[in-house]
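Below: the structure, in structure tokens.
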Amino acid sequence: PGKIPENSIARDLVDLSDFLPTMADLAGVKIPVDWGKIDGVSFKNRLLQGEPTPRKWAYVETKGTRFTRTADFKLYGNGRFFDMQADPEEKNPIKTDPAGEALKAKILLQKALDSVPSSK
């Protein structure tokens, strides 16, 4: 109470991997170096100072489906690509070659997908 405005909503991308570094950051403890590389990023500054989180994309893998997304676009491992602002229910994948911001997002999201090994 008094630190985070009541009923506030932030639309930042947060990945499950962000919770460990955030809780450690809030508690003022360092994550042990011998734990290896931690993929998550702290969103403490979003909670306490209202600063946007540094995350550019988030990755999800569940029940054999994997995807990456930005705030505006989502790319599945099978190539389906959606404009999440225009089509939040994912009814109409982008079928033509994207241009402009959509193309930039698709390139970023494909690189992100390629950087995370599938658990299959």
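In this chain, numbering begins with 1 at the start of the sequence shown.
For CG of Asp97, the number of neighbouring non-hydrogen atoms (other residues, nucleotides, ligands) closer than 6.0 Å is 12 at most.
Once rounded to the nearest 0.5 Å, the distance linking CG of Asp39 with CG of Leu16 reads 11.0 Å. The distance from atom CG of Leu109 to atom CZ of Phe82, rounded to the nearest 0.5 Å, is 13.0 Å. Taking CG of Asn92 as the start and CG of Asp83 as the end, the distance is 10.5 Å to the nearest 0.5 Å. The line from OG1 of Thr68 to NZ of Lys111 is 12.5 Å long, rounded to the nearest 0.5 Å. To the nearest 0.5 Å, atom NZ of residue Lys56 and atom OG1 of residue Thr70 are 11.0 Å apart. One finds the CG atom of Leu75 at 11.5 Å from the CD1 atom of Ile107 (value rounded to the nearest 0.5 Å).
One hydrophobic cluster, built from ILVMFWY side chains closer than 4.5 Å, cannot hold both Ile94 and Leu103; they sit in different ones. Linking ILVMFWY residues whenever their side-chain heavy atoms come closer than 4.5 Å, directly or via other members, leaves Val41 and Val14 in distinct clusters. Cluster annotation: Leu13 and Ile38 are assigned to distinct hydrophobic clusters (Ile/Leu/Val/Met/Phe/Trp/Tyr, side-chain heavy-atom contacts under 4.5 Å, transitive).
Listed by first and then second residue, the salt bridge (Lys or Arg N to Asp or Glu O under 4.0 Å) pairs that reach into residues 7-17 are Asp12-Arg46, sequence neighbours excluded.
Residues Ala112 and Ser115 come closest through the heavy atom pair O-OG, 2.7 Å.
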Ser17 vs Arg55, test: side chain to side chain contact (heavy atoms under 4.5 Å, CB included). Steps then yes/no.
CA-CA 11 Å; Ser17 65; Arg55 182 170 286 290; 3.6 Å; yes
The test is ring-ring contact (aromatic ring centres under 6.0 Å, His included); show your working for Phe81 and Phe73 and say whether it passes.
CA-CA 7 Å; Phe81 183 54; Phe73 296 96; 5.5 Å; yes
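Between Asp72 and Met84 there is no side-chain heavy-atom pair separated by less than 4.5 Å.
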Scan the side chains in residues 22-34 for donor-acceptor partners under 3.5 Å anywhere in the protein, sequence neighbours excluded, and list what turns up.
unit_1: Thr22; atom_1: OG1; unit_2: Asp18; atom_2: O; d: 2.7
unit_1: Thr22; atom_1: OG1; unit_2: Phe43; atom_2: N; d: 2.9
unit_1: Asp25; atom_1: OD2; unit_2: Ser42; atom_2: OG; d: 2.8

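Judged as a side chain to side chain contact (heavy atoms under 4.5 Å, CB included), and not counting sequence neighbours, the contacts of Glu89 are Lys91.
For Lys74 and Phe67, the positive end sits near the middle of the six-membered ring, less than 6.0 Å away and at most 45° from its axis.
For the residue pair Arg66 and Tyr76, no side-chain donor N or O sits within less than 3.5 Å of a side-chain acceptor on the partner.
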